[in-house]
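This is a predicted model, so every value here is computed, not measured. Below, chain A is the first sequence line, B the second, and so on; all start at residue 1.
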Amino acid sequence: MFEKVLIANRGEIALRIHRACKELGIRTVAVHSTADADAMHVRLADEAVCIGPPPARDSYLNKAAIISAAVITGADAIHPGYGFLSENADFARMVEEHGIVFIGPSPDHITMMGDKIEAKRAMVSLGVPCVPGSDGPVGDLETAVKLGAEIGYPVLIKAAGGGGGKGMKVAYDADQLAEAYRGARAEAGAAFGNDVVYIEKYLDHPRHIEFQILADAHGNVVHLGERDCSLQRSHQKVLEESPSPALNADQRHEMGEVVTSALKKLGYRNAGTLEFLYQDGRFYFIEMNTRLQVEHPVTEMICGLDLVREQIRIASGAPIAYTQADIRLQGHAIECRVNAEDPETFAPSPGRIAEYHPPGGLGVRVDSALYSGYKVPSNYDSMVAKLIVHGTSRNECLMRLRRALDEYVIGGIKTTLPLHRKLVQTPEFIDGRYDIHWLERWMGLKK
Amino acid sequence: MFEKVLIANRGEIALRIHRACKELGIRTVAVHSTADADAMHVRLADEAVCIGPPPARDSYLNKAAIISAAVITGADAIHPGYGFLSENADFARMVEEHGIVFIGPSPDHITMMGDKIEAKRAMVSLGVPCVPGSDGPVGDLETAVKLGAEIGYPVLIKAAGGGGGKGMKVAYDADQLAEAYRGARAEAGAAFGNDVVYIEKYLDHPRHIEFQILADAHGNVVHLGERDCSLQRSHQKVLEESPSPALNADQRHEMGEVVTSALKKLGYRNAGTLEFLYQDGRFYFIEMNTRLQVEHPVTEMICGLDLVREQIRIASGAPIAYTQADIRLQGHAIECRVNAEDPETFAPSPGRIAEYHPPGGLGVRVDSALYSGYKVPSNYDSMVAKLIVHGTSRNECLMRLRRALDEYVIGGIKTTLPLHRKLVQTPEFIDGRYDIHWLERWMGLKK
Amino acid sequence: MPTKNARPEFGPSSATVRRLAKLLEETGLTEIEYQDGTRRLKVARGTLAAPAAAAPAAAPAARAVEAVPAASEGPPAGAVTSPMVGTCYLSPEPGAPAFVKVGDKVREGQTLVIVEAMKVMNPIRSPRGGTVASIAVENGAPVEYGEVLLVVE
Amino acid sequence: MPTKNARPEFGPSSATVRRLAKLLEETGLTEIEYQDGTRRLKVARGTLAAPAAAAPAAAPAARAVEAVPAASEGPPAGAVTSPMVGTCYLSPEPGAPAFVKVGDKVREGQTLVIVEAMKVMNPIRSPRGGTVASIAVENGAPVEYGEVLLVVE
């Protein structure tokens with residue numbers, strides 16, 4: 001096991017990693033920008049090294065500074081957290097070249113999954129379902145008709161050279177196809193000077209469902225069930241839950257088998273997440289995240305495992321100490337991301353925390369680096385806390401979440417707590433009837 | 001289910017009950033003395049009624065005031081918490097006479113268990129093992145010798161009229177009995193003018209182990225395993241854990257059967273705890289608590305049930321929704337009681353809380369009504385917080401407890417946090433090798 | 001005067017505390033802590049401009065019966081407060097005229113209102129002679145301990 | 001008046017407290033704690049208007065590399081700080097004389113020390129002409145971003 005781990009991140013995830021290290025008896029090195037000199041994880045870490053000025057490119061994205069800090073403090077391993085350098089294959093490679101362990105997958109797997117086309121190709125070959133389509137230009141209407149029948153309606157005709165919704169038409173059945181095909185080509189030609197189009201299946205009300213996996217260096221792979229992250233605003237996840245209200249045990253088991261078998265064949269190592277769109281009983285792979293995710297605690301709450309601890313153990317070469325059959329997913333968990341933002345306008349709201357009082361009691365977990373008197377810097381991401389609640393059933397979890405949200409006090413800045421308090425009272429959320437568009441529609445941001 | 005519950009208590013347990021009510025969709029009424037007008041549960045409750053001045057006898061022990069508060073607010077039920085009126089049969093009866101549900105057992109069972117001799121007699125008749133003894137005066141040495149052989153050495157000869165250790169002698173074997181018997185009689189005669197003596201088994205290194213049970217109004221009784229509460233100072237529990245490091249699964253199962261069968265025969269209802277001394281593989285009943293216990297969270301953490309919720313459900317007439325076979329005790333939990341006391345001298349330390357920062361993250365639960373700026377009144381018990389930690393194994397739980405204790409900040413007053421930080425580093429605690437005398441010896445308070 | 005005990009008084013000298021307190025003031029410090037071996041002395045003064053009591057503002061909890069500020073803040077001069085939780089009646093029985101009305105002169109010991117608790121009617125008597133300046137409760141209203149019932153000036 | 005007891009007054013000297021209070025003001029620090037063997041002295045000043053930053057005092061975590069206050073509070077006048085994390089060398093190679101020593105006159109652009117990071121030797125040049133007033137780091141010491149290396153006045 002490692003003696004000393006350097007935490008190449010900030011905020012709640014840096015604290016999260018610090019906690020896992022302490023519980024393994026590992027010493028911690030916090031690296032921080034000058035803006036974070038007073039941060040909680042800096043105060044708690046065994047050692048702290050200032051690596052640069054506030055802009056992330058000069059500090060948390062500064063590979064040389066972080067590796068130098070690891071060298072001068074004698075750290076054995078680096079945990080990158082999420083964001084920043086966590087999916088940077090160059091960084092992972094540099095870390096390894098300095099004889100330091102990168103707590104994550106191999107640089108090659110990071111590279112592969114970082115290239116979305118390559119990732120999709122790999123997943124198709126490994127038997128993971130992706131969004132079906134023409135896989136290339138569709139030169140005439142006959143081919144389009146044939147593909148439409150194969151793929152199943154609705155289908156989307158998309159400009160190859162396009163973007164921004166231009167040159168994009170939906171056909172809900174074969175009758176609409178001719179018009180959509182011609183319309184898309186015409187629009188594409190006019191907009192981009194290139195009328196080459198593709199066809200793929202159109203998902204109009206998908207959920208975002210992702211599977212958490214763990215893989216060790218000895219060929220063992222397990223999945224820890226799914227997370228439903230469909231509640232999004234501007235492609236940012238707002239609230240996540242596990243299990244998904246949309247899946248049953250058979251679907252979970254079946255898809256779990258598909259992803260574990262794929263990653264076993266791939267020779268993947270450490271934690272990873274396969275993200276899918278899910279609609280009408282079918283999964284469609286979007287991308288794979290080769291790192292810890294923000295929402296990992298909902299999985300921890302239902303499977304009882306500490307995912308950061310598992311990441312560290314795997315990186316140290318230890319085998320996963322259990323099989324898929326040993327993993328029991330129990331009860332229900334929900335995570336609310338609390339951002340330092342105006343809950344109506346979503347304008348950032350950095351500043352000094354006045355009162356700070358997190359909720360406590362049974363089934364309530366708070367992952368946050370906030371404290372009374374802390375100044376939320378304006379330089380970084382606005383997420384300042386995660387409230388995670390567990391219950392034996394989804395209903396118990398929801399009732400507990402409501403009372404915990406009502407107890408949570410963060411003064412001095414605006415936060416999205418009021419948004420969450422409203423959200424957990426809506427009939428659609430209570431019934432689990434939502435897709436990736438629902439939240440924005442409910443908020444009046446989208447028709 | 002009840003519409004509105006009155007919480008006849010204060011501090012962390014009042015908050016605990018409030019939380020359980022909120023999670024069941026029940027409105028809450030906080031009653032409080034003038035000293036507690038700013039208390040957390042008073043702030044959070046749906047309604048609050050001031051019932052008297054600071055002295056407990058005029059407020060939290062004032063039966064008429066509490067029942068009047070229930071009447072004027074229209075509460076359906078009263079939860080008494082622990083301490084105060086929780087084991088007062090008169091109060092329970094008065095509550096029922098006012099058509100209000102008392103969330104606890106019947107007044108008759110409270111009365112029975114409140115009389116320690118009656119309680120022991122009942123338990124013997126129900127097949128629960130008690131400390132064996134003469135059950136009456138021992139008039140001559142021959143009878144003493146006979147009893148000594150029956151009970152097994154060491155035995156204690158005790159003055160019937162005595163107390164304070166006077167007229168008490170231990171005989172470690174038959175050879176010592178004559179001297180001990182004569183010595184105890186002589187001392188008893190001299191000290192109390194009454195040389196009548198009893199004999200009972202002497203336990204010189206027992207652990208305090210208790211079993212948590214739940215019983216409904218329909219004859220269903222389950223046990224939720226044991227708690228080891230051997231770490232005590234001046235008969236006050238300091239730290240509790242479950243499962244006990246001293247028991248194995250067979251012992252747990254066997255004793256669990258004994259207590260559930262006894263309480264089924266007794267017709268007991270609601271939550272209750274049977275306390276035992278445990279030594280050399282045997283249990284000896286001491287007393288039964290007919291209420292929720294301070295240390296109930298350690299049981300909640302390993303069985304996944306909300307005990308206050310269960311109490312409320314049972315009191316509303318609902319049956320227990322699971323059988324003994326459904327109950328799974330998972331992992332390990334430890335609770336540290338944090339008192340507002342000097343950690344060296346144990347002098348009370350009331351006053352205003354300056355910084356307050358509870359630990360967070362995976363597996364950590366804090367039950368406390370403290371907040372930054374709150375003034376701990378000098379009128380009541382000094383326990384101000386409970387830190388409860390869960391882990392998949394005792395070792396994981398211990399490592400997590402250490403890091404959580406290190407994160408916990410309570411400023412402005414002295415607390416026993418430093419004592420806990422030291423305690424969790426001792427080899428004896430780490431190995432689980434302790435009895436009810438160990439803590440005081442370790443603290444140098446006892447030889 | 002020095003204490004004459006064999007064992008010297010336990011505690012820091014008043015002069016030292018006064019000196020350090022003055023130093024706090026002079027220097028604007030909030031804390032001085034000093035240790036020498038096993039002896040330690042700390043003096044501190046909270047923020048002068050009253051600490052902003054960081055009270056958790058219970059988010060949405062609306063109260064039906066609001067905690068009476070009187071209980072913690074002290075009732076106004078001349079106030080007669082309820083000595084118990086119960087229901088307050090302004091007249092001896094339904095339909096009867098009130099015991100007192102605003103402007104009435106009252107004697108010490110005269111019944112002002114009744115508070116019913118546990119089905120017992122408790123007459124609340126005037127603690128002094130004077131004039132009823134105001135009546136703070138309505139007939140049949142629930143009252144808590146320390147709640148102002150009326151003001152006799 | 002000095003106390004005449006056999007046992008001397010317990011408490012820090014007023015002059016020391018005043019001196020440290022002035023230093024607090026001058027440097028913008030909020031706390032100075034000093035320990036020498038069993039003797040310890042701490043002075044602190046809360047932010048007077050703003051709420052006293054209730055900073056979680058990480059209970060027992062001792063730091064090997066202490067966060068440099070300079071980073072957040074601003075370095076002293078004339079300070080030359082490290083532009084990167086690395087290892088600081090005072091001379092061009094082991095055994096060679098130091099680039100500069102205290103009292104040396106230096107030109108703008110003259111190499112003062114070297115900071116090695118990622119196996120690259122980065123000469124740290126003087127931002128101005130002047131005299132080396134002090135050298136804050138030892139040869140071979142790890143330095144962090146913003147750490148004061150030396151003072152050129």
Electrostatic pair Glu407(B):Arg421(B) at N-O distance under 4.0 angstrom: no

Max heavy-atom pair count under 4.5 Å with chain C, selected residue of Ala64(B), Pro53(B), Ala65(B), Ala69(B): Pro53(B)

Closest-packed option against chain C by number of heavy-atom pairs under 4.5 Å, given Gly52(B), Ala35(B), Ser59(B): Gly52(B)

Chain B contact via Val120(C) - side chain, backbone, both or neither, heavy atoms under 4.5 Å: neither

Contacting moiety of Met118(C), where chain B heavy atoms sit under 4.5 Å: both

Pi-cation contact, Tyr374(B) with Arg352(B) (under 6.0 Å, within 45°): no

Evaluation steps, side chain to side chain donor-acceptor pair (under 3.5 Å), between His79(B) and Gln311(B): CA-CA 9 Å; His79(B) 195 304; Gln311(B) 285 193 294; 2.7 Å; yes

Pair Tyr356(B)-Tyr371(B), ring pair (Phe, Tyr, Trp, His ring centres under 6.0 Å): steps then yes or no: CA-CA 6 Å; Tyr356(B) 180 68; Tyr371(B) 58 87; 8.6 Å; no

